[in-house]
Amino acid sequence: MTKQIEKTYSPQIEGAIYKRWLEKRYFHVEPDASRRPYTIMMPPANITGKLHVGHALTFAIQDILIRFKRMQGYNTLWLPGTDHASISTEVKIADAMKEEGLTKRDIGREAFLERAWKWRGEYGGIIVQQLKLLGVSCDWDRERFTMDEGLSNAVYETFIHLYNKGWIYRAERLINWCPKCQTTISDAEVEHEEMDGSLYYFKYPVEGGGFIEFATTRPETILGDTAVAVNPDDERFRNVVGKTAVIPNIGRRIPIIMDVYVDKAFGTGAVKITPAHDPNDYEVGSRHSLPIINVMNDDGTMNAAAGPYAGQTREKCRENIISDFKRRGLYIKTETIRHAVGTHERCDSVVEPLIKMQWFVKMADLAKPALDVYNSGKLKIVPARAGKVYAHWLENIRDWCISRQLWWGHRIPAYYCEACGEIFVGAQAPEICVCGGARFKQDEDVLDTWFSSALWPFSTLGWPEKTRELDYFYPSDVLVTGYDILFFWVIRMVFSGLEMIGEIPFHDVLFHGIVRDALGRKMSKSLNNGVDPLRVIEDFGADALRLMLVTGNSLDNDTRFYCERLETSRNFLNKLWNAARFVLMNLDADEPGAGSGPSAGSGPSAEPDVMDKWIISRANRVSRDVTQRIDSYDMGMAAQMAYDFVWDEFCDWYVEMVKPRLYDKGDPTRPAALRTLKGTLIVCLKLLHPFVPFITEEIFAALQDKEETIMYSAWPAYSEACDYPEEEQMVERLKSAIKGIRAVRLDMSAPPSQKISVVLVSPDNAVRGFFTSVQRTFAVLAGARETFIQADKTGVNGNAVPVVIDGATVYLPLDELADREKEKERLNREKKKLSAEVERARRKLANEGFVKKAPPQIIAEERAKLEKYRKMLADVEEQIGSGYNYLHAPNNK
RNA sequence: GGGAGUUUAGCUCAGUUGGGAGAGCGCUUGCCUUACAAGCAAGAUGUCAUAGGUUCGAGCCCUAUAAUUCCCACCA
C-alpha cells in the first residue's frame, strides 16, 4: 500500500533527503567500461567564498544536466572541489592577523603558511557545506583541493614541462604591479575603468634657449623621464629635435627624440618618455636605447631616484610636482580628460606598471592549438557569441605573467645556486651545481592561482599518474560557468589540456548570465544588495530557488532576482505536491493492485480510454520536447514546458476530467484512470527531477511500494506508440465546449451550484460518439444536471443560449437566467473573432504568390483552418439570425 | 577606439530552422467545487524601439538610426 504524504508542501523535507542520498552514496561513480561516461568538472569554489546566488544558478544548471544524464543511463561524474584562491585567502589571513597586531613579515613565511592551512581547515569547508544545501549531486568522495598533494604534483610537472620546452621563462619586463597587494598581477586581472582625470600641461626648458611643451596625466613620473618624443613628421618641433631638455628640480638632461608612436594631434604633440612606468614608453625606450629609471617603491611611494621627492606617496608627489612647476613658471594649464585607468580587480587600487624580473608563460605556441580546436568546431562554445570573444582573445594574446609575490600557493619550483646564481627548475633542488656549489635557494614567489586551476580537468583525475579515472572520464563533456572567467580560466584550461594531455578538457563550454538584483544592478558588497541563498533556501527551499533561477529566462541573459518569482516557484511546488496527494489518496482508497504498475496505461486489465490516451499522448510529446531542450542547453524552456504540462494539462484538465471515474467505484474505466493518473504523475516527476530534485524524490518514494530513488529511474523516452493525435483532437473539443459553457455561466452569474441542462448538437457521428463516451465528465466540468447529445436541434428551446465549437453547437436552455444583452454581445464577439479568422485565411489563400510558393503543408493547414472557421462562423450567424430571438426574451435580472 | 548584447502586455521576461503575438506577477469578475485560497473559473491589455529593404509572408533575415548594458583596448 502506498504511503501518505503531509497535507501541505514544506521544504523542510530537503535535509533528510540529501542525507539519505549521501548515505546511499548515490552520487559516487567508478569507471565502468560497459557504460558511457558523462562528466562535468565543477568549477572549484574559492575557500574564502560564501555561497551566493550566482553559485546557486551555476550549480543548478550543472546539477540539471547531471541528473538528466544520470536518468538517461550515463555513468555521470560531477567532480567537486575548492580552490586555494592564492591572493584572496592571503589577504584575508593577513587582515585577520592585523587584529592581533601582527603582519606577515612579523611571523615569517613558515608560520604564515601554518596559519593559512589552519584557516583552510577551519573555513575552507564552509562553502562545501553550503553547496550541499542546494541539492547538488556531485561525487563528494572525489572532492579535490587545488593544493592537494596530487594536484600540486600536477602543477610542478606542468611547470617543469613548459620550462624545459622553453615556454616558461624568467625575464625582466614591464608588469602590472598592485601597490596594495604588493604583488604582480596578470593582464587579465587589470580592470580598465574609464574615468575623468586631469591632463596637465608643462614645459621643459631646452638647452640653448626656449622650451618644449608637453602634456601628461601622471606628473609624478616626470622624475623617471629619460626623453621627450615628437612625431617625425611634426613641423612644429623641427628646430628642437636633437637638442636636450632639462628636467627642473632634479636637473636631469634628456634628449628630444622622434618616434612614430607620438600622435601629433594629442596634447601638444610632444610626449615625455618614462620607460620604467609606462608600457608605451617602455617600447619607445627600447627602440631608442633610453635609460630606464624606476622612481617608485613597491608600496607606491617614491624611491631614492626621485631625489627630493623620495618617500612621498605617488599622490602626494604628484601634487608637489605640480606646485613646483607652477612656482618655476613651467606649468601651463590643466584639462579634464576621460581616460582609462587600470585597477586591480580584487582590491580596486590603481595598478602601477613597473619593470620587474618575473616568470612568464610564452603564449604564442600554446594559443594556436586552442584556437584550432575552436575554429574546427571540436570545441563548442554556447552561446556562439562567446566563441568570438574566445577567438579574439587568443588571437591577441600576450605572455602570461605567472609569478606572484605571495606565500599562499604553489611555490615556483626553481632553485638558484647560492654560489653562482644558476637556475635549476625541478621538483627538488639538485645535489650539486655545475659550479660545485651545493647550497640552493628556492624562488620566493608562488604561482598565479589560475595556473593550478588551469589543470583542474585532469589534475583532479589523478594526472600526472596514469589513472583509470583519467582514462575513462577525460575529456569531460561540458564546462558550465559565468562568462566573467572566460579569460582567467576557460581558455587556460583548454591550452593546458591540449598541451599536457593532448586532448581538449571538455567538448562544450556553456556560459550563462549572472544574477542581478531586482533593479538590474550587479550584486555587490558595496551596494549591499546581495541575496543570501541560505535564507532563501530556509524560507522557500532549494527546489524553489533552483526552479526560479532557471525558469523564464534564457540562460545566456542575465536574470533579475525577484521574491515574487520565488513565490511563483513555491506555489508550483505546492501544486505538484497536492496533485500527488490527490493521486495517493485515490490509490490508497483503491483495492490492491489496480493502480500499481509504473508505466502509463500499458496494462492489459486497464485499457486507457480516450481521456487517458489524450494525457498519455501529451506526456509523451512533452517528454520529447523537454529532452530536446535540455540537450540543447535550453534549461529555461525545458523547465517551462514541464511546468506548463503539470499545471495546465495534468492538474487543471486531466485530474478534473478523471474525477467522476474515480468517485464511481463501479466504473469499468476506473482502473485505467488510476493507472494513467499514477503513470502520468510519475512522468511529471521524472521530467521535473533535474530541476527540483527534493520534492520529486519525496513524492516518487511515496508512490513506490519498494524503496527506490527517482535519481536512477529511467528518463521518459518518446514512443510513437503513445502518440494519439485523434484522441487529442477530440479532447480539445471537449475542452472548448466546457470553456464555452463556463464563460456563458459566468456571464449569467450562474453559480457552480446551479446545475443546468446542456444539449450538444452535432451532425458528426464521431463527435457525438466521443461526447457520449465522456458524457459524465462533460456534465461535471460544465456544471450540468443532464446532457443530451443529438444530431439535430429537436427539442431545443428557441431561447437556449448557443456555444459554437469546432464540429458542434452546445445549447444551454437558460431562459430564466439569461441576460439577453450580454449573450448577444458574446455571440457578436464570437462572430467578429471568427470573421477575422476566416478573412485572414481567405486573403492568404487568395494570394497567388502564397499558393504558388508556400510549402504544400502550410497551404493545406491554411485550407483546413478556413474550412473549420467558416463552418463555425456559419453556425454562429445562424444562431444570431434565426433561432435565437433575444429581443423578445424575458429578462428577469 | 574596437566588439557584443538588449529594446515584445502596467512590471519582469519567453518566443529553436521566417507561416495565426505568449508566460508569471499585477488588474477586472465570479467561486471556500471533498488535492491545492500557495487554489479554481472566466476576462481585459501589445504601431513586437524607429525608418527602410528582402520575401507570397517578418517579432524572427538585411541596412541604417536611437536608447541602454557589457566586454576588449598601451594615445601620453
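Numbered from 1 within each chain, the chains take letters A, B, ... in sequence-line order. What you see is a predicted model; the values in this text were computed from it and never measured. Quick note: numbers below take in every heavy atom, side chains included, and nothing from hydrogens, waters or symmetry partners.
rU6(B) and rG15(B) have their C1' atoms separated by 15 Å, with the value rounded to a whole Å. For rG59(B) and rA9(B), the C1' atoms lie 14 Å apart once the distance is rounded to whole Å. rC36(B) and rU8(B) have their C1' atoms separated by 33 Å, with the value rounded to a whole Å. Taking the C1' atom of each, rU7(B) and rU12(B) are spaced 14 Å apart, rounded to whole Å. The C1' atoms of rU28(B) and rA49(B) are separated by 30 Å, rounded to the nearest whole Å. Rounded to whole Å, the C1' atom of rA73(B) lies 33 Å from the corresponding atom of rC60(B). With both ends at atom C1', the span from rU45(B) to rG26(B) equals 12 Å, rounded to whole Å. For rC62(B) and rU55(B), the C1' atoms lie 12 Å apart once the distance is rounded to whole Å.
Note that OG1 of T268(A) and CD1 of I212(A) are 7.0 Å apart. Values are rounded to the nearest 0.5 Å.
In terms of heavy-atom proximity, R742(A) sits nearest to L781(A) at NE-O, 3.5 Å. The nearest pair of heavy atoms linking A518(A) to R560(A) is O-NH1, 3.4 Å. Closest heavy-atom contact between V803(A) and G740(A): CG1-CA, 3.8 Å. The heavy-atom pair separating G520(A) from R516(A) by the smallest distance is O-NH1, 3.0 Å.
Comparing E564(A) and V838(A) against RNA chain B, the residue whose closest nucleotide sits nearer the 5' end is V838(A). RNA chain B is contacted by both H192(A) and V583(A); V583(A) maps to the nucleotide lying nearer its 5′ end (nearest heavy atom per residue).
Taking the six-membered ring where the residue is Trp, Y204(A) and F325(A) present tilted rings, their angle falling between 30° and 60°.
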Inset, instruction - Begin with the C-alpha distance, continue with both residues' side-chain angles, and end with the deciding distance and a verdict on salt bridge (Lys or Arg N to Asp or Glu O under 4.0 Å) for R840(A) and E862(A). - result: CA-CA 10 Å; R840(A) 192 194 51 77; E862(A) 210 55 50; 3.2 Å; yes
Legend entry - Pair W647(A)-L576(A), side-chain contact (heavy atoms from CB on, under 4.5 Å): steps then yes or no: CA-CA 8 Å; W647(A) 201 316; L576(A) 177 67; over 6 Å; no
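The residue F202(A) sits apart from the nucleic acid: no heavy atom pair falls under 4.0 Å. Counting any heavy atom pair closer than 4.0 Å across all strands shown, V262(A) reaches a base atom. Within 4.0 Å of V851(A), counting heavy atoms only, lies no atom of the nucleic acid at all. Across all strands shown, V389(A) has no heavy atoms under 4.0 Å from either base or sugar-phosphate atoms. Among the atoms of the strands shown, base atoms are found under 4.0 Å from some heavy atom of P855(A).
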Legend entry - Which nucleotides of RNA chain B pair, in dot-bracket form (Watson-Crick or G-U under 3.5 Å, | meaning another strand): (((((((..((((.....[..)))).(((((.......))))).....(((((..]....))))))))))))....
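In this structure, CD1 of I741(A) is placed 17 Å from C1' of rG30(B), rounded to the nearest angstrom. A straight line from CG of L555(A) to P of rG5(B) spans 17 Å, rounded to a whole angstrom. Remark: P of rC70(B) and CZ of R521(A) are 13 Å apart, rounded to the nearest angstrom. Between F266(A) atom CZ and rA76(B) atom P there is a gap of 5 Å when expressed in whole angstrom units. Going from atom CG of N396(A) over to atom P of rC72(B) covers 13 Å, rounded to whole Å. In this structure, the CZ atom of R516(A) is 17 Å from the P atom of rG5(B), given to the nearest Å. To the nearest angstrom, P of rA73(B) lies 16 Å from CD of E283(A). The CG-P distance, from L486(A) to rA4(B), rounds to 16 Å in whole Å.
Shown here are the salt bridge (Lys or Arg N to Asp or Glu O under 4.0 Å) partners of E194(A), two or more places apart in sequence or in another chain: R338(A). Considering only residues two or more places apart in sequence or on other chains, N553(A) meets the side-chain contact (heavy atoms from CB on, under 4.5 Å) condition with T559(A), R565(A).
Checked against rA76(B), rA4(B), rA35(B), the side chain of Y261(A) finds its nearest nucleotide in rA76(B). Listed nucleotides: rC70(B), rG5(B), rA73(B). Nearest to the side chain of E194(A): rA73(B).
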Inset, instruction - Scan nucleotides 38-43 of chain B nucleotide by nucleotide, 5' to 3', and note B when protein non-hydrogen atoms come under 4.0 Å of the base, S if they reach only the sugar-phosphate, - if neither. - result: BSSSB-
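Side-chain N/O atoms of Y9(A) and N571(A) include no donor and acceptor closer than 3.5 Å. Side-chain N/O atoms of D556(A) and S554(A) include a donor and acceptor closer than 3.5 Å.
Cation-pi geometry between K272(A) and F214(A) is not met: the NZ or CZ atom fails to fall both under 6.0 Å from the ring centre and inside 45° of the normal.
Taking a 6.0 Å sphere around NZ of K735(A), one finds it holds more than 12 heavy atoms contributed by other residues, nucleotides or ligands.
In terms of modelled atom types and a separation under 3.5 Å, the side chain of N231(A) and the main chain of V262(A) share a donor-acceptor contact.
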Atom pairs under 3.5 Å: protein N/O with N/O of nucleotides 12-16 of chain B:
from, atom 1, to, atom 2, distance (Å)
rC13(B), OP1, R560(A), NE, 2.8
rC13(B), O2', G552(A), O, 2.1
rA14(B), OP1, S554(A), N, 3.4
rA14(B), OP1, S554(A), OG, 3.4
rA14(B), OP1, N557(A), ND2, 2.8
rU16(B), N3, R629(A), NH2, 3.3
rU16(B), O4, R629(A), NH2, 3.2

Short heteroatom pairs, N/O only, protein and nucleotides 57-62 of chain B, under 3.5 Å:
none

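Taking 4.0 Å as the cut-off between side-chain N and carboxylate O, K203(A) and E213(A) do not count as a salt-bridged pair.
In this structure, Y663(A) reaches the rA35(B) phosphate: one of its side-chain N or O atoms is under 4.0 Å from OP1 or OP2.
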